[in-house]
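Read through the structure below, which is laid out as structure tokens, and then see the notes.
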Amino acid sequence: MASDRLLQLIDKGITVAQVAKVNKHFTEAGIMVHAYLMYGFPTQTAQETIDSLEMVRQMFEGWRIAICLLAFIYHDRTQPCWC
């Protein structure tokens with residue numbers, strides 16, 4: 001997920017800008033970057049998903065990501081969410 005709001009919500013301790021900066025430095029140093037992204041996190045908006053996918057598209061275009069795996073989180077409203 002490429003959303004500062006969601007990264008803060010799950011207490012990830014990083015920002016989207018920091019991820020992009022580290023990714024750039026790794027690529028420039030010749031280190032292949034693999035990304036694993038999750039979508040469908042509770043409270044994630046459609047726009048946050050679109051923005052995340054656009055960021056990934058731009059990184060692929062700039063050869064900053066070699067492989068990207070996407071996962072979708074399905075949350076059934078009848079189940080409790082322990083976030």
Exercise. Provide the full list of salt bridge (charged side-chain N to carboxylate O under 4.0 Å, His left out) pairs with a residue in residues 31-41, sequence neighbours left out, each pair given once.
Key: none
Quiz item: Looking at Met55 and Ala20, what are the two nearest heavy atoms and their distance?
Solution: CE-CB, 4.0 Å
Quiz item: Distance from Leu9 atom CG to Phe41 atom CZ, nearest 0.5 Å?
Solution: 5.0 Å
Exercise. Rounded to the nearest 0.5 Å, what's the gap from CG on Leu6 to OG1 on Thr43? Could you check?
Key: 5.5 Å
Self-check item: Pairwise side-chain contact, Thr15 with Leu7, heavy-atom cut-off 4.5 Å (strictly under)
Solution: no
Exercise. Report the distance from atom OG1 of Thr27 to atom CG of Asn23, rounding to the nearest 0.5 Å.
Key: 4.5 Å
Quiz item: What pairs with Asp51 under side chain to side chain donor-acceptor pair (under 3.5 Å), at least two apart in sequence or on another chain?
Solution: Gln47
Quiz item: Taking all atoms of both residues into account, what is the closest heavy-atom pair of Ser52 and Ser3, and its distance?
Solution: OG-N, 4.4 Å
Exercise. Examine distances only and state if a side-chain atom of Gln44 and a backbone atom of Gly40 form a donor-acceptor pair shorter than 3.5 Å.
Key: yes
Self-check item: Atom CD of Glu54 with >12 non-hydrogen neighbours under 6.0 angstrom
Solution: yes
Exercise. Answer yes if Ile31 and Val22 sit in the same cluster of Ile, Leu, Val, Met, Phe, Trp and Tyr residues linked by side chain heavy atoms under 4.5 Å apart, and no otherwise.
Key: yes
Quiz item: Can you list the residues that meet the salt bridge (Lys or Arg N to Asp or Glu O under 4.0 Å) rule with Arg5, with sequence neighbours excluded?
Solution: Glu48
